[in-house]
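Computed from a predicted model, the values in this text were never measured in an experiment.
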Amino acid sequence: MAAMATTLTSLSSGPKSPFLDHKSSFHGTPMPSRFGPVNSSSQKSNISMSLTPPYDLQSFKFQPIKESYVSREMTRRYMMDMITYADTDVIIVGAGSAGLSCAYEISKNPNIHVAIIEQSVSPGGGAWLGGQLFSAMVVRKPAHRFLDELGIQYDEQEDYVVIKHAALFTSTIMSKLLARPNVKLFNAVAAEDLIVRGNRVAGVVTNWALVSMNHDTQSCMDPNVMEAKVVVSSCGHDGPFGATGVKRLKSIGMIDSVPGMKALDMNAAEDAIVRLTREIVPGMIVTGMEVAEIDGSPRMGPTFGAMMVSGQKAAHLALKALGRPNAIEGTLSEADGVQPEFVLAAAETEETVDA
């Protein structure tokens, strides 16, 4: 128990850095602009190789270890994570581009603990590739500011930018996000149901993804639970594990319908996804393509800017629900330098659904 208490204390007493640092693209801090397309053939690599490796490759030998040490290290750390995040601040269900962007934005506050639930072994959703299994990722402006914040290179066009491989976005945001001490990714874990108390979503019901996929082939395999002050549903469009958050809300009578997304219209779709990102019922925020499923807005196809900005908006809606400074209510300090293009998604206009 002493070790448990030490771990819990160390997590809750992390570095007290300012909430949203000056590098946040959501708050409009100017980023270095790219005045022309990036020409990959003209780029020179800065990678240098040491002439002498730090060890002898001809007679390399690892330090000895007992197999039980490996088992204990994995088990102890995972169990401590489960204990720590059994009751947390924010749970994000779905680690696609919207879910990862949401987690990245909200976890800038080191005092907010974020658990990410992802049914796949490999998080990232559809953001490892562009359309039709092609490599490039297209991001419409001004969402390219988020790429500037992450330090991702792109080929700049007049109204959009192109990342040479979508995996650059996904791997970069994951490496930055998962290094934060207040974030835990539980991959290969499915959210089977919601915890609901008094018409408010209060957490999720979890199980190993492989167990969830085999309930019809085995006897009863009961789940586990995770409580949270706010749940963000980022389950994507309809599919085997898609739109599960809003479909469950409908089945228990908390919302009336899930009409499904309409046919593709990129220009209408991306604006609608960001505009309609909101707290759909008390305690649960919907972001990303799951928004299109509940509102019947068009699908966007292989363009990803709305996923990023919708995730950022969801993060600030969660901050609002937690009573923290946020861009929705305009309670961030003036030093954060909010600019119109990144307030637009959260602005209260006649076309914006109340959050």
Are Glu293 and Lys250 close enough for a salt bridge, meaning some N to O gap below 4.0 Å? no
Between Ala103 and Ile116 the two heavy atoms that sit nearest each other are CB-CD1, 3.7 Å
**Q.** Cluster check Val70, Met79: I/L/V/M/F/W/Y, side chain < 4.5 angstrom
**A.** no
_Counting C-beta onward and ignoring hydrogens, is there a side-chain heavy-atom pair between Val138 and Pro302 closer than 4.5 Å?_
no
Among the clusters formed by ILVMFWY side chains lying less than 4.5 Å apart, do Ile91 and Val281 turn up in the same one? yes
List the steps, then state whether side-chain hydrogen bond (donor to acceptor under 3.5 Å, both in side chains) holds for His215 with Glu192. CA-CA 11 Å; His215 281 310; Glu192 292 189 333; 2.5 Å; yes
Rounding to 0.5 Å, atoms CE (Met307) and CE (Met300) come to a distance of 3.5 Å
Exercise. Report yes if some heavy atom in the side chain of Glu279 is under 4.5 Å from a heavy atom in the side chain of Leu317; otherwise report no.
Key: no
Are the side chains of Val230 and Asp89 in touch, meaning some heavy atoms are under 4.5 Å apart? no
Would you say that Tyr104 contacts Arg180 through its side chain, given a criterion of any heavy-atom pair below 4.5 Å between the two side chains? yes
Here the gap from Met174 atom CE to Phe169 atom CZ, rounded to the nearest 0.5 Å, amounts to 10.0 Å
message = Main chain of Ala190, side chain of Asn207: is a donor-acceptor contact present, judged purely on distance under 3.5 Å?
response = no
Quick one: does any side-chain atom of Thr277 pair with a main-chain N or O of Ile273 as donor and acceptor, under 3.5 Å? yes
CZ (Arg324) and CD1 (Ile106) are apart, to the nearest 0.5 Å, by 9.0 Å
Assess the residue pair Leu249 and Leu194 against the criterion (side-chain contact (heavy atoms from CB on, under 4.5 Å)); give the C-alpha distance rounded to whole Å, side-chain angles, the decisive distance to 0.1 Å, and a yes or no. CA-CA 9 Å; Leu249 289 180; Leu194 301 171; 3.7 Å; yes
- Query: If we only count heavy atoms from C-beta on, is the Pro223 to Thr206 side-chain gap below 4.5 Å?
  - Reply: no
Margin query: I'd like to know if the side chain of Asn182 and the backbone of Ile112 have a donor-acceptor N/O pair within less than 3.5 Å.
Written below: yes
Between Leu177 and Ser107, the two heavy atoms sitting closest are CD1-OG, 3.5 Å
Review point. Charged N to carboxylate O under 4.0 angstrom, Asp295 versus Arg278?
Key: yes
Backbone N or O of Gly305 within a donor-acceptor pair of the Glu270 side chain at under 3.5 Å? yes
So CE of Met137 and NE2 of His165: to nearest 0.5 Å the spacing works out to 10.0 Å
* Salt-bridge test for Lys164 and Asp155: reply yes if a basic N is under 4.0 Å from a carboxylate O, no otherwise. => no
Show your working on side-chain contact (heavy atoms from CB on, under 4.5 Å) between Met82 and Asn224 and close with a plain yes or no.
-> CA-CA 10 Å; Met82 293 182 71; Asn224 207 339; 3.6 Å; yes
If Ile, Leu, Val, Met, Phe, Trp and Tyr residues are connected whenever their side-chain heavy atoms lie under 4.5 Å apart, and connections chain through other members, are Leu322 and Val232 in the same group? yes
Looking at Asn326 and Glu329, would you say the former's side chain and the latter's main chain have a donor-acceptor pair under 3.5 Å? yes
**OP:** Fit a plane to each ring of Trp208 and Tyr78, take the angle between them on a 0 to 90° scale, and name the class: parallel (under 30°), tilted (30 to 60°) or perpendicular (over 60°).
**Re:** tilted
(message) Do Gln312 and Val309 make a side-chain contact, defined as non-hydrogen atoms from C-beta onward lying under 4.5 Å apart?
(response) yes
* To do: Give the C-alpha distance, both sets of side-chain angles, the deciding distance and a yes or no for side-chain hydrogen bond (donor to acceptor under 3.5 Å, both in side chains) between Arg248 and Ser251.
  => CA-CA 5 Å; Arg248 185 55 175 154; Ser251 69; 2.9 Å; yes
Any chance CG of Asp256 has more than 12 other-residue heavy atoms, nucleotides or ligands included, within less than 6.0 Å? no
- Heavy-atom check, side chain of Lys184 versus side chain of His113, under 4.5 Å: no
Strictly distance-based, threshold 3.5 Å: is any side-chain N or O of Thr75 a donor or acceptor partner for the main-chain N or O of Arg72?
no
* Sub-4.5 Å side-chain heavy-atom contact between His316 and Leu319 -> yes
OG1 (Thr172) and CD1 (Ile152) are apart, to the nearest 0.5 Å, by 4.5 Å
Under a single-linkage definition using a 4.5 Å side-chain heavy-atom cutoff for Ile, Leu, Val, Met, Phe, Trp and Tyr, are Met261 and Met266 assigned to the same hydrophobic cluster? no
Heavy atoms of Pro181 and Tyr85 approach each other most closely as O-OH, 3.9 Å
Determine, step by step, whether Ser234 and Thr287 satisfy the side-chain hydrogen bond (donor to acceptor under 3.5 Å, both in side chains) criterion, reporting the C-alpha distance in whole Å, the side-chain angles of both residues, the deciding distance to 0.1 Å, and the verdict.
CA-CA 5 Å; Ser234 178; Thr287 185; 5.4 Å; no
Practice prompt. Output yes when a side-chain donor or acceptor of Lys229 lies under 3.5 Å from a complementary backbone atom of Ala318, and no otherwise.
Written response: no
Point to revise | Worked check of side-chain contact (heavy atoms from CB on, under 4.5 Å) between Gln153 and Leu168 | key: CA-CA 9 Å; Gln153 293 289 324; Leu168 283 170; over 6 Å; no
Any ion pair linking Arg145 and Glu149 (charged N to carboxylate O, less than 4.0 Å)?
-> no
message = For a side-chain hydrogen bond (donor to acceptor under 3.5 Å, both in side chains) check, start with the C-alpha distance between Gln157 and Asp159, then their side-chain angles and the critical distance, and finish with the verdict.
response = CA-CA 6 Å; Gln157 303 300 319; Asp159 297 318; over 6 Å; no
**Request:** Group every Ile, Leu, Val, Met, Phe, Trp and Tyr by side-chain heavy-atom contacts under 4.5 Å, then state whether Val121 and Leu210 land in the same group.
**Result:** no
Exercise. Would you say the side-chain atoms of Glu118 pair up with the backbone N or O of Pro123, donor to acceptor, closer than 3.5 Å?
Worked result: no
Looking only at heavy atoms, the pair that brings Ser233 and Gly245 closest together is OG-CA, 3.5 Å
So CD of Glu290 and CD1 of Ile294: to nearest 0.5 Å the spacing works out to 7.5 Å
Here the pair of heavy atoms bringing Phe146 nearest to Met308 is CD2-CB, 3.7 Å
What one should report as the nearest heavy-atom pair of Lys313 and Ile328 is CG-CD1, 4.1 Å
Counting only heavy atoms from other residues, nucleotides and ligands, does the tally under 6.0 Å from OH of Tyr69 exceed 12?
no
